Amino acid sequence: NGLVQSYIQMDYTQGLQAWNNLTFDASTGQSVFNGRFLVNFTENMIYVMPDEKLDTCYKSPFTLPLVQCIPDDAQEVGATYLGPLTGGLAFDAWRFSMGDSGYVSTIAMTQESCVPIMEGVANPKNPTEDKLFLYYAFQPKLLDPKLFILPESCRKASLPEVSDQSNL
């Protein structure tokens, strides 16, 4: 096991999120591709492509909502600084439910520009699904719009008999 790095892009206009996952192996210093994902929030569907050739694709329902910045019903957790008090990065933390999914997000956003710093996503019914996301190298632009194009393997993919989002 190694550190998983996700390179995420959002297209709020089309309701799409795409990301490539790389696993960094500290013993070798190498990063290895370990999956590409495309979430279509409009269709409530996720497409999982486990290899770089994109010739295999799994399709599954995806019920988490598309969240833009802080929802109106979020509860403020508090404000503090990342790093030193003087010259540190000021941020606010918020907590909110993620639709009817049962998941709860606690997210830290910079005070100046509403850029995410870190986020914890918890499932109170199953704590083994809890995840922590650290955001870095944020750029407010699409770097690779081709990531939003479904490969042929995904257009042919069918839904599994039983879907499980716990490993996504």
Side-chain angles (χ1 to χ4, degrees), residues 3-24 31-75 91-123 129-168:
L3 172 69
V4 175
Q5 297 173 304
S6 297
Y7 296 92
I8 301 170
Q9 293 193 122
M10 299 293 301
D11 184 335
Y12 288 106
T13 304
Q14 296 185 68
L16 298 172
Q17 179 184 55
W19 71 93
N20 283 338
N21 278 356
L22 300 174
T23 299
F24 178 75
S31 289
V32 178
F33 179 89
N34 74 347
R36 180 166 154 196
F37 304 85
L38 178 65
V39 178
N40 186 322
F41 290 95
T42 305
E43 297 176 2
N44 296 317
M45 201 64 59
I46 185 169
Y47 300 88
V48 180
M49 296 145 275
D51 60 63
E52 277 187 283
K53 292 186 238 172
L54 309 179
D55 55 4
T56 302
C57 182
Y58 302 100
K59 175 180 172 181
S60 182
F62 192 81
T63 57
L64 296 178
L66 176 62
V67 178
Q68 294 184 14
C69 206
I70 304 300
D72 291 337
D73 62 348
Q75 299 172 313
F91 72 88
D92 294 311
W94 302 86
R95 182 175 296 123
F96 56 90
S97 295
M98 299 181 77
D100 296 330
S101 68
Y103 287 85
V104 176
S105 172
T106 303
I107 190 164
M109 308 287 278
T110 60
Q111 289 178 357
E112 187 176 310
S113 55
C114 201
V115 172
I117 302 170
M118 63 186 136
E119 178 180 17
V121 177
N123 180 351
E129 295 181 4
D130 293 357
K131 299 199 180 348
L132 176 65
F133 301 95
L134 301 175
Y135 298 94
Y136 57 94
F138 174 83
Q139 295 182 48
K141 62 182 178 180
L142 291 179
L143 300 176
D144 187 359
K146 293 183 300 241
L147 290 179
F148 296 111
I149 299 171
L150 269 181
E152 185 66 27
S153 61
C154 289
R155 288 191 284 273
K156 295 178 180 178
S158 60
L159 289 171
E161 293 294 320
V162 178
S163 63
D164 179 8
Q165 295 181 27
S166 63
N167 292 322
L168 302 177

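No experiment lies behind these values; they were computed from the predicted model shown. Heavy-atom basis, side chains included; hydrogens, waters and symmetry copies ignored.
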Quick one: list whatever passes side chain to side chain donor-acceptor pair (under 3.5 Å) with Glu119, sequence neighbours left out.
Ser105, Tyr135
Using the test side chain to side chain donor-acceptor pair (under 3.5 Å), find all partners of Ser6 that sit at least two apart in sequence or belong to another chain.
Asn21
Sequence-distant partners of Leu66, side chain to side chain contact (heavy atoms under 4.5 Å, CB included), two or more places apart:
Met10, Tyr12, Phe41, Gln68
Within the 4.5 Å heavy-atom criterion, are Ile107 and Ile70 side-chain neighbours or not?
yes
Partners meeting side chain to side chain donor-acceptor pair (under 3.5 Å) with Tyr136 (sequence neighbours left out):
Gln5
Please enumerate all residues that pass side chain to side chain contact (heavy atoms under 4.5 Å, CB included) together with Val115, with sequence neighbours excluded.
Thr110, Ser113, Phe138
Listed by chain and number, what are the side chain to side chain contact (heavy atoms under 4.5 Å, CB included) partners of Asn123, not counting sequence neighbours?
Tyr103, Lys125, Asn126, Glu129, Asp130
Output all residues satisfying side chain to side chain contact (heavy atoms under 4.5 Å, CB included) with Asp73, sequence neighbours left out; order by chain, then residue number.
Pro71
Report yes if the side chains of Phe96 and Val67 come closer than 4.5 Å at any heavy-atom pair, otherwise no.
yes
Residue pairs involving residues 35-48 (criterion side-chain hydrogen bond (donor to acceptor under 3.5 Å, both in side chains); sequence neighbours excluded)
none
Do any pairs count as a salt bridge (charged side-chain N to carboxylate O under 4.0 Å, His left out) and have a residue in residues 147-156, sequence neighbours left out, and if so which ones?
Glu152-Arg155
Suppose we screen for side chain to side chain donor-acceptor pair (under 3.5 Å). Which residues come up paired with Thr56, at least two apart in sequence or across chains?
none
